[in-house]
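Before any comments, here is the structure.
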Amino acid sequence: MSIRRAFAVSAAAAAAAGTLAAVTAVPAQAAEYTSALKVKGVQYDAPGADSNRCSGGNTKNEYLTIKNYSRTATVNLKGYVVKDATGNKFTFAASHKLEPGDYVKLRGGRGTDSDAGNVVYRQNCNFIWNNDKDTIYLLKPGGARADVHSYTKRANDADGNGYINYHG
């Protein structure tokens, strides 16, 4: 039996059993996108009691690490968008070039962006990531998805430290 025919028979059997949707449904975080930029990890729950005060708050301790996984291409973050499930978003308005293997931490709060320090601040003292569950979207300048990850504290943060690693 050919592979195509075997798949068709298996799909028909699965559909008859009512399981085809479960077999073909792929969670957002399982999809691999062709972008060199990917979410390396997220500190979704800043250590300490959440305080979004600009002075003395801890939003700087909530961050998303974006890494250039290309071996050869430098990628400019200008125009890339990071957003959550409810539409809170940050757009990289300035030029930040990531060499192959380089990364940047997108931090909450206010601060001075630094290519040398690998940090960009959202210039916003509100938290973006929910402490229980959320979805992280990294979008290319044209709007196409570069990377997407959904998380729940219970399922993805076994040690409970508020940090989840996605791509090594």
Side-chain angles (χ1 to χ4, degrees), residues 27-153 155-157 159-168:
Q29 67 271 22
E32 280 298 320
Y33 299 96
T34 58
S35 175
L37 292 186
K38 298 209 181 292
V39 174
K40 183 178 185 306
V42 62
Q43 180 73 49
Y44 68 91
D45 187 359
D50 286 353
S51 172
N52 61 359
R53 293 186 331 261
C54 284
S55 178
N58 65 338
T59 55
K60 286 183 181 181
N61 297 327
E62 178 188 84
Y63 61 89
L64 181 72
T65 305
I66 300 168
K67 183 175 177 180
N68 179 356
Y69 286 89
S70 171
R71 292 183 180 170
T72 58
T74 298
V75 180
N76 190 343
L77 286 169
K78 186 173 184 175
Y80 274 79
V81 174
V82 171
K83 71 178 194 169
D84 73 349
T86 61
N88 295 310
K89 70 179 185 176
F90 172 83
T91 302
F92 288 91
S95 179
H96 295 280
K97 294 182 180 177
L98 294 181
E99 301 291 328
D102 203 3
Y103 68 92
V104 66
K105 286 187 178 180
L106 176 61
R107 290 191 175 274
R110 300 190 191 285
T112 303
D113 296 350
S114 170
D115 283 339
N118 295 345
V119 65
V120 172
Y121 289 90
R122 291 190 293 110
Q123 306 304 335
N124 182 323
C125 297
N126 293 320
F127 292 97
I128 191 171
W129 311 116
N130 293 332
N131 289 352
D132 59 344
K133 64 181 178 179
D134 213 333
T135 301
I136 301 164
Y137 296 92
L138 175 61
L139 306 175
K140 296 178 182 181
R145 291 180 177 181
D147 201 13
V148 177
H149 294 280
S150 293
Y151 67 85
T152 64
K153 184 172 190 157
N156 303 107
D157 189 8
D159 61 7
N161 68 355
Y163 183 84
I164 300 169
N165 187 37
Y166 292 111
H167 299 280

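Numbers for residues simply follow the sequence, beginning at 1.
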Distance-minimising heavy-atom pair for Ile164 and Asp157 = CG1-CB, 4.4 Å
Heavy atoms of other groups near Lys153 NZ, more than 12 under 6.0 Å | yes
Report yes or no: is the cationic atom of Lys67 (NZ for Lys, CZ for Arg) under 6.0 Å from the centre of the six-membered ring of Tyr103, at an angle within 45° of the ring normal?
-> no
At what distance, to the nearest 0.5 angstrom, does CZ of Arg145 lie from NZ of Lys140?
-> 12.5 Å
Shortest non-hydrogen pair, Asp115 vs Asn118, comes out as O-OD1, 2.9 Å
Is the backbone of Gly41 close enough, under 3.5 Å, to the side chain of Asn165 for a donor and an acceptor to pair up by distance?
-> no
Asn130 and Asp134 have their tightest heavy-atom pair at N-OD2, 3.1 Å
Show your reasoning for whether side-chain contact (heavy atoms from CB on, under 4.5 Å) applies to Ile66 and Val82.
-> CA-CA 10 Å; Ile66 300 168; Val82 171; 3.9 Å; yes
Looking at side-chain heavy atoms only, is the closest gap between Tyr63 and Tyr163 below 4.5 Å?
-> yes
Asn76 side chain to His96 main-chain N or O, any donor-acceptor pair under 3.5 Å?
-> yes
Inter-residue atom distance Gln43.CD - Trp129.CH2, 0.5 Å rounding | 13.0 Å
Indicate the atoms forming the closest heavy-atom contact of Ser150 with Tyr166, along with that distance.
-> O-OH, 4.2 Å
